[in-house]
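We name chains A, B, ... by the order of the sequence lines, and we start the count at 1 in each one. Not measured: the values here are computed from a predicted model.
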Number of protein chains: 2
Amino acid sequence: MGVADRFLSNATNKIDAKGRVSVPSVFRSVLARNGTQELYAYQDFIFPAISMAGAEILERFERQIATLDPFSEEANRMSLLVHGGGIFMKLDAEGRLQIPDFVRDFTGIADRVTFAGRGDHFQLWEPAAFEEMQARARRERMRPA
Amino acid sequence: MGVADRFLSNATNKIDAKGRVSVPSVFRSVLARNGTQELYAYQDFIFPAISMAGAEILERFERQIATLDPFSEEANRMSLLVHGGGIFMKLDAEGRLQIPDFVRDFTGIADRVTFAGRGDHFQLWEPAAFEEMQARARRERMRPA
DNA sequence: TGGGCATATATGGGCGTCAATGGGATTGCC
DNA sequence: GGCAATCCCATTGACGCCCATATATGCCCA
């Protein structure tokens with residue numbers, strides 16, 4: 001993976017009257033370079049954010065689930081999140097995406113979206129929540145484990 | 001690493017009307033010698049300064065993250081800082097870089113930037129903050145821990 | 001050693017291109 | 001038929017790319 005092939009930095013864009021937001025062009029470039037057509041979106045396991053990536057990440061999750069006892073609670077929980085909580089999305093010709101209600105509900109996003117790079121994927125945050133979480137991460141970073 | 005291959009000394013340059021600053025040529029020489037094309041910038045973990053270096057440092061961070069459980073809070077916090085809070089920047093033909101808003105917010109930089117060498121990387125400071133921090137470092141240098 | 005010239009550095013600004021956004025028109029679906 | 005999603009086009013502001021200029025720096029030679 002080249003250096004420019006990861007999702008890096010963050011940017012905040014406006015949701016228009018029709019419920020669309022532009023995905024930052026830096027991120028769109030990465031998607032194009034990876035040949036990603038369809039985006040898989042799911043509720044993040046840790047943060048109040050929506051994570052997005054190409055479909056390969058879904059396959060990764062499925063492999064992980066496959067390593068578990070299929071009748072275990074763990075496997076069921078995981079599948080519920082990954083399959084039940086995930087959705088495919090695609091960009092329009094201008095590189096925008098529609099923000100569905102479940103995204104607003106889960107993240108608190110209202111009229112602006114912060115796109116945050118996470119290396120192999122990126123996330124959609126409510127701007128203030130992102131700020132706050134980042135500040136907290138900085139504070140807690142060096143705590144003893 | 002030869003002696004001339006590290007970032008040494010400091011210099012203060014002006015931000016122009018378009019929000020650009022020249023990177024001191026001593027630093028640009030080091031970058032050229034190391035073959036660094038793309039710069040990775042992140043909010044320093046200790047000081048109110050932006051640290052910049054080649055992409056190796058990002059890879060170092062990522063290796064560190066990779067040692068953690070990918071679903072742990074620790075790993076996610078770290079990635080939020082390293083990926084979400086970092087950015088690739090590149091110099092224009094004249095060796096200048098654009099100062100984005102997050103740099104101003106984090107450092108207090110307004111119209112002038114102090115570039116401070118730190119050996120394997122360099123930093124962007126608000127001039128007065130740098131002075132003060134350096135004075136303090138000098139005072140406290142030999143204090144018992 | 002000092003003056004003067006050559007060059008590089010820091011800075012300023014024009015201009016074209018692209019990204020982000022807004023909005024009309026058309027299509028598909030309930 | 002009405003609502004919403006999609007397609008298409010327009011606008012504006014930011015950014016990248018280019019060239020210009022002044023000042024500082026080093027260099028050469030007397």
Side-chain angles (χ1 to χ4, degrees), chain A residues 4 7-33 36-39 41 50 52 87-105 109-117 122-127 130, chain B residues 4 7-33 36-39 41 50 52 87-105 109-117 122-127 130:
Chain A
F7 296 101
L8 219 57
S9 85
N10 67 85
T12 302
N13 286 342
K14 265 179 69 178
I15 301 183
D16 69 18
K18 294 184 180 179
R20 304 169 299 185
V21 231
S22 293
V23 173
S25 80
V26 246
F27 290 179
R28 295 204 308 263
S29 314
V30 177
L31 293 172
R33 207 164 9 241
T36 304
Q37 302 281 337
E38 269 179 324
L39 287 169
I50 300 295
M52 303 191 76
I87 184 180
F88 280 113
M89 301 184 78
K90 62 184 199 331
L91 305 186
D92 69 14
E94 285 76 35
R96 291 180 279 202
L97 52 83
Q98 276 277 353
I99 301 297
D101 284 340
F102 92 91
V103 171
R104 296 173 189 269
D105 294 343
I109 287 170
D111 61 340
R112 288 164 11 105
V113 179
T114 294
F115 292 83
F122 63 91
Q123 296 182 321
L124 278 50
W125 286 75
E126 194 283 319
F130 176 72
Chain B
F7 298 100
L8 284 179
S9 83
N10 66 85
T12 301
N13 286 342
K14 263 179 70 178
I15 300 182
D16 70 18
K18 291 187 177 178
R20 302 169 300 186
V21 231
S22 293
V23 173
S25 81
V26 247
F27 290 180
R28 294 205 309 262
S29 313
V30 177
L31 293 173
R33 207 162 12 238
T36 304
Q37 302 281 336
E38 273 178 320
L39 288 169
I50 301 294
M52 303 191 76
I87 185 177
F88 278 120
M89 302 186 78
K90 60 184 198 335
L91 305 186
D92 68 14
E94 286 76 34
R96 291 178 281 200
L97 52 84
Q98 276 276 355
I99 301 297
D101 285 340
F102 90 91
V103 171
R104 297 172 189 271
D105 294 344
I109 287 170
D111 61 341
R112 288 163 12 104
V113 180
T114 295
F115 292 83
F122 63 91
Q123 296 182 323
L124 278 50
W125 286 76
E126 195 283 317
F130 177 72

Could you tell me whether B:Gln37 atom CD has more than 12 heavy atoms of other residues or ligands within 6.0 Å of it?
no

Counting heavy atoms from C-beta on, name the nucleotide in [options] closest to the side chain of [X].
X	options	answer
B:Lys18	D:dC17, C:dA20, D:dC19	D:dC17
B:Arg20	C:dA20, C:dG13, C:dT11	C:dG13
A:Ser25	C:dA19, C:dA10, C:dT21	C:dA19

Looking at every strand, decide which applies to B:Asn13 at a 4.0 Å heavy-atom threshold: base, sugar-phosphate, or nothing.
sugar-phosphate

Taking any heavy-atom pair under 4.0 Å as a contact, classify B:Val26: base, sugar-phosphate, or nothing.
nothing

Distance, rounded to the nearest Å, where [X] contributes [atom1] and [N] contributes [atom2]:
X	N	atom1	atom2	value
B:Ile99	D:dG16	CD1	P	12 Å
A:Asp92	D:dA5	CG	C1'	11 Å
A:Arg96	D:dA10	CZ	C1'	12 Å
A:Leu91	D:dA5	CG	P	16 Å
B:Asp16	D:dT21	CG	P	17 Å
B:Phe27	C:dT9	CZ	P	14 Å
B:Arg28	C:dA8	CZ	P	12 Å
A:Gln98	C:dT21	CD	C1'	14 Å

Less than 4.5 Å apart, side chain to side chain, heavy atoms only: is that true for B:Ile99 and B:Leu97?
yes

Between the base of D:dC19 and the side chain of B:Glu94, is there a donor and acceptor pair under 3.5 angstrom?
yes

Considering residues at least two apart in sequence or located in another chain, which fulfil the side chain to side chain donor-acceptor pair (under 3.5 Å) criterion with B:Asp105?
none

Side-chain N or O of A:Lys14 less than 4.0 angstrom from OP1 or OP2 on C:dG22?
yes

Under 3.5 Å, side chain of A:Arg104 to main-chain N/O of A:Ala110, donor-acceptor pair present?
yes

Keeping A:Asn13 on the side-chain end and A:Val113 on the backbone end, is there a donor-acceptor pair under 3.5 Å?
no

